[in-house]
**Q** 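If you scroll down you'll find the structure; I have some questions about it.
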Amino acid sequence: TQLLEQSPQFLSIQEGENLTVYCNSSSVFSSLQWYRQEPGEGPVLLVTVVTGGEVKKLKRLTFQFGDARKDSSLHITAAQPGDTGLYLCAGARGAQKLVFGQGTRLTINP
Amino acid sequence: EADIYQTPRYLVIGTGKKITLECSQTMGHDKMYWYQQDPGMELHLIHYSYGVNSTEKGDLSSESTVSRIRTEHFPLTLESARPSHTSQYLCASSEYGVGTGELFFGEGSRLTVL
């Protein structure tokens, strides 16, 4: 049983469209991180959300942590080919344990 | 830009061979980790270290072993590789605990055992 479920697992859209990726769990996390991984590279941290209901923006990317700290979403506005990659959410259970979702593979077509 | 390096990037070997995947970081981080990543699956923690001479097994059982003799170096060894060990191995380090700090990842070592 996967602790963190990401959906969709695959998403292919045209440049300029908007999209939302979800990260859901039945467990509470002390914080949640989003990473992006490009082919042949390691994951790179995009954002950390800590407070229930928190919203963080990174240019065209908007991250939200659920009020109950069990879920999160990533919304991309006007997607660009440079947004292509594997998006991973990771929930922290205390200070030392991090649980990853299986990832959403996003392709933005020019 | 992260200063954490993994070698080799790609390795194809036969069954029964001994292999060591190298991981080095120049950030002075005490905490280092090894994750296993397979397509469509979540990253699984297989080993971690909170400092020199400290190593622990992670959530996913692994036949590999690790050592931490120097702060900057955290190699992973497989004594006798098998096809089931075929995977991508990611090394990471952090300054703080994973709940509050950023994980810095290397580029990964993709291992194929024939």
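Model, not experiment: these values are computed from the prediction. A, B, ... follow the sequence lines: proteins, then strands. Residue 1 opens every chain.
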**Q** Who among B/Leu45, B/Asp38, B/Leu90 has the most heavy-atom pairs with chain A under 4.5 Å?
**A** B/Leu90
**Q** Is it the side chain or the backbone of B/Arg9 that comes within 4.5 Å of chain A heavy atoms, both, or neither?
**A** side chain
**Q** Is there a side-chain contact between A/Gln6 and A/Leu4, using heavy atoms and a 4.5 Å cut-off?
**A** no
**Q** Assess the pair A/Phe63 and A/Phe65: is the distance between their ring centroids shorter than 6.0 Å?
**A** no
**Q** Which bit of A/Leu32 is near chain B, if near means a heavy-atom gap under 4.5 Å: side chain, backbone, both or neither?
**A** neither
**Q** Please report the closest heavy-atom contact between A/Leu106 and A/Asp83, naming both atoms and the distance.
**A** CD2-O, 3.8 Å
**Q** Name the region of A/Phe29, side chain, backbone, both or neither, that has any atom closer than 4.5 Å to a heavy atom of chain B.
**A** neither
**Q** Is it the side chain or the backbone of B/Tyr50 that comes within 4.5 Å of chain A heavy atoms, both, or neither?
**A** side chain
**Q** Answer with side chain, backbone, both or neither: which region of A/Glu41 has an atom nearer than 4.5 Å to a non-hydrogen atom of chain B?
**A** both
**Q** Going by atom types alone, do A/Thr107 and A/Thr84 pair a side-chain donor with an acceptor below 3.5 Å?
**A** no
**Q** Using non-hydrogen atoms only, which part of B/Gln37 is less than 4.5 Å away from chain A: side chain, backbone, both, or neither?
**A** side chain
**Q** Would you find more than 12 non-hydrogen atoms of other residues, nucleotides or ligands less than 6.0 Å from B/Lys17 atom NZ?
**A** no
**Q** Strictly distance-based, threshold 3.5 Å: is any side-chain N or O of B/Thr15 a donor or acceptor partner for the main-chain N or O of B/Leu114?
**A** yes
